[in-house]
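Here the structure is a predicted model, which means the values were calculated and not measured. Each chain gets a letter, A, B and so on, in the order its sequence line appears, and its residues count up from 1.
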Protein chains: 2
Amino acid sequence: MQTALATAGLPPVLAASLAGRAVPLPATETRAGLRRTVAAEAEIFAEGDRAGMFYKVVSGVVRTYKLLSDGRRQIDAFHLPGDIFGLETGAEHRFNAEAVTEAKLEVHRREPRALAGGDGALAREVVAAMMSGLERAQDHMMLLGRKSARERIATFLLTMSRRMACGGAAMELPMSRTDMADHLGLTVESVSRAVTQLERDGLIALPPNRRMVVVRDAKALARLAA
Amino acid sequence: MQTALATAGLPPVLAASLAGRAVPLPATETRAGLRRTVAAEAEIFAEGDRAGMFYKVVSGVVRTYKLLSDGRRQIDAFHLPGDIFGLETGAEHRFNAEAVTEAKLEVHRREPRALAGGDGALAREVVAAMMSGLERAQDHMMLLGRKSARERIATFLLTMSRRMACGGAAMELPMSRTDMADHLGLTVESVSRAVTQLERDGLIALPPNRRMVVVRDAKALARLAA
DNA sequence: CGTTGCATTGATAACATTCAATAGGAGTGG
DNA sequence: CCACTCCTATTGAATGTTATCAATGCAACG
């Protein structure tokens, strides 16, 4: 089997795409995939689990993260509705995934037949997801490697406000300060201080509800985000 | 043109693969692509350049990096022989690329016809490159977000020694301390101090040539790298 | 054999972390 | 509706790690 050998190590989805194969889609499987609802803080998969499925967020928010042996955590990304996560190169998941809020997910089999059928839309989405994941990761390396706490928070708030598409109004961050800290390479305290300082400087407003943030001066934030 | 619409935003290479197209390969173009030799420190492409080509390192080392407006630099990756770099999702390069040492490169057109011909090996390589790039980036986020200077250096030295496949012997790092610093999110001084400390602790040895490093205790390094 | 550029080392300062305490909101049960 | 509790966020003080500034050392090269 030359194809199998040649594509060894590649996810079946893409291997099939590259080989130009088109396996007929069983009538019982819909494009939308199965649904799954997970409670807030519940685990979706863990590092090392067999990566037989990948997911698309329908509603709610999901975090994917890695742990160091001593418990230090790095949150790779927060996945919002429409985002795909859980795609892996190898046989196993390289991240842990948990729901940040209660979340509804579309579950897809990793097998090519679920993708290479008449509808190529999902396959394209999968590739696009991989790429945007790569771009996000690259930008995030800049943030983690070279930006100050203030700049990290500014970047994060701006990105979230764009992704959540809250037109100028207040947004409610779905995640805790701890989650933000582990995403931005800071401690909870540093996050809190930086957020407070941005408020004092008038770039944002902080309603009594601690998860809410109002972007007051997007331009100044963008300047900080550099 | 439905295909063009459906694959909008995807790199032609992958769009063609997904669509199952197979454009004949002109006889004048070899699988190996064109060659290009660049001097040490020379620019290969810059952020914002049209991304018409991508590259494979034949010999030498290349760095890809981003800059902040005030000059802070984050080196995304060092590319060793066999590595592919310069692949982009959009029309423009999102990184700068420079030769670290004199380097020989294979230059490939981004157009699908250079890939989807009789030989699918390169196409597969391209996808694999994208994925391994993603995995590297994800691991690097853990390093940048959560590891100490010592741990970063340990991780880096171990990774380099593996990638350069120097069987137990000494390796000559191709890049300067400044490059290491900008890759690891540190300053030159911190890199120097951490390297020195690893030597004092007996985990590595530092021959008089400052680019040389001998891994003395790979296990202890791996423990540090966590 | 001096020059040049990078690396190392030293002293100090800044920023973020750590440890510790307080405050504030959300939810609960009376 | 109000106390009470719990949990998270905030704030404060001290510490520590890394950055910054400055000087020296060292190897490669002409």
Side-chain angles (χ1 to χ4, degrees), chain A residues 39-41 63 68 70-74 100-102 143-157 170 172-201 204-213 224, chain B residues 39-41 63 68 70-74 100-102 143-157 170 172-201 204-213 224:
Chain A
E41 302 300 312
R63 62 177 170 249
L68 245 31
D70 63 355
R72 278 175 286 177
R73 183 176 69 153
Q74 177 64 41
V100 173
T101 64
E102 181 184 275
L143 179 147
L144 293 170
R146 286 294 174 229
K147 289 187 186 176
S148 69
R150 243 172 102 79
E151 291 169 334
R152 291 179 202 205
I153 297 293
T155 307
F156 178 74
L157 292 179
E172 178 163 1
L173 296 174
M175 73 291 291
S176 70
R177 296 292 197 252
T178 303
D179 280 349
M180 286 172 60
D182 285 348
H183 181 53
L184 301 174
L186 299 166
T187 58
V188 198
E189 295 94 330
S190 292
V191 169
S192 188
R193 278 186 248 269
V195 169
T196 302
Q197 208 197 345
L198 289 179
E199 185 195 26
R200 269 202 289 268
D201 298 349
I204 59 174
L206 296 171
N209 178 330
R210 263 56 220 272
R211 295 282 177 98
M212 288 285 206
V213 176
L224 253 186
Chain B
E41 304 300 311
R63 61 177 170 248
L68 244 31
D70 63 355
R72 278 174 286 176
R73 184 176 68 153
Q74 177 64 42
V100 173
T101 63
E102 181 183 276
L143 179 147
L144 293 170
R146 286 295 175 227
K147 290 186 185 176
S148 70
R150 242 173 102 80
E151 292 169 334
R152 292 180 200 204
I153 297 292
T155 306
F156 178 74
L157 291 179
E172 178 163 0
L173 295 175
M175 73 291 291
S176 70
R177 298 276 127 110
T178 303
D179 279 350
M180 287 172 59
D182 285 348
H183 181 52
L184 301 174
L186 299 167
T187 58
V188 198
E189 294 93 331
S190 293
V191 169
S192 188
R193 278 186 248 269
V195 168
T196 302
Q197 206 196 346
L198 288 181
E199 185 194 27
R200 270 201 288 267
D201 297 348
I204 59 173
L206 296 170
N209 177 333
R210 263 51 223 263
R211 295 284 176 99
M212 288 286 204
V213 176
L224 253 186

Quickly work out the [X] [atom1] to [N] [atom2] distance and round it to whole Å.
X        : N      : atom1 : atom2 : value
A:Asp182 : C:dT17 : CG    : C1'   : 14 Å
B:Glu172 : D:dA27 : CD    : C1'   : 13 Å
A:Met212 : C:dG25 : CE    : C1'   : 13 Å
A:Leu184 : C:dA16 : CG    : P     : 12 Å
A:Met180 : D:dA9  : CE    : C1'   : 11 Å
A:Leu144 : C:dA16 : CG    : P     : 13 Å
A:Arg211 : C:dG24 : CZ    : P     : 18 Å
B:Arg73  : D:dA19 : CZ    : P     : 15 Å

Handout entry: Nearest-neighbour nucleotide for the B:Leu186 side chain, D:dT18, D:dT10, C:dA26 considered
Key =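 The listed nucleotide nearest to B:Leu186's side chain is D:dT18.
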Phosphate OP1/OP2 of [N]: any [X] side-chain N/O under 4.0 Å:
X        : N      : result
B:Arg177 : C:dT8  : yes
B:Arg152 : D:dT18 : no
B:Arg210 : D:dA28 : no

Exercise for the section: Check every strand shown and say whether A:Ser176 touches a base, only sugar-phosphate, or nothing at a heavy-atom separation below 4.0 Å. Expected result: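 Counting heavy atoms under 4.0 Å across all strands, the contact made by A:Ser176 is with sugar-phosphate only.
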Would you say the side chain of [Y] lies within less than 4.5 Å of the side chain of [X], judging by non-hydrogen atoms?
X        : Y        : result
A:Arg211 : A:Pro174 : no
B:Leu173 : B:Leu157 : yes
B:Val191 : B:Val195 : yes
A:Arg73  : A:Asp179 : yes
A:Arg150 : A:Asp201 : yes
B:Glu172 : B:Val213 : no

Exercise for the section: Please check if any side-chain donor atom of A:Glu151 sits under 3.5 Å from a side-chain acceptor atom of A:Ser148, or the reverse. Expected result: yes
Practice task
Please answer whether the main-chain N or O of A:Arg146 pairs with a side-chain N or O of B:Arg72 as donor and acceptor at a distance below 3.5 Å.
Solution key: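 The answer is yes, because a donor-acceptor pair under 3.5 Å joins these two groups.
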Practice task
Pull out every residue in residues 189-199 of chain A that has a heavy atom closer than 4.0 Å to any atom of DNA chain D, ordered by number, or say none.
Solution key: A:Glu189, A:Ser192, A:Arg193, A:Thr196
Handout entry: First encountered from the 5' end of DNA chain C, between A:Asn209 and A:Thr187
Key =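 First, find each residue's nearest nucleotide; the 5'-ward one identifies A:Thr187.
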Handout entry: Closest-nucleotide ordering on DNA chain D, the 5'-leading residue of A:Arg146 and A:Arg200
Key = A:Arg200
Completion exercise
Axis-to-axis angle for the helix from C:dC1-D:dG30 to C:dG30-D:dC1, ends of five pairs each, to 10°, equals 30°
Problem - Distance (rounded to the nearest 0.5 Å) between A:Arg152 CZ and A:Lys147 NZ - result: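 The NZ atom of A:Lys147 is 9.5 Å from CZ of A:Arg152, to the nearest 0.5 Å.
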Problem - B:Leu224 and B:Leu198: CA distance, side-chain angles, deciding distance, side-chain contact (heavy atoms from CB on, under 4.5 Å) verdict - result: CA-CA 10 Å; B:Leu224 253 186; B:Leu198 288 181; 3.7 Å; yes
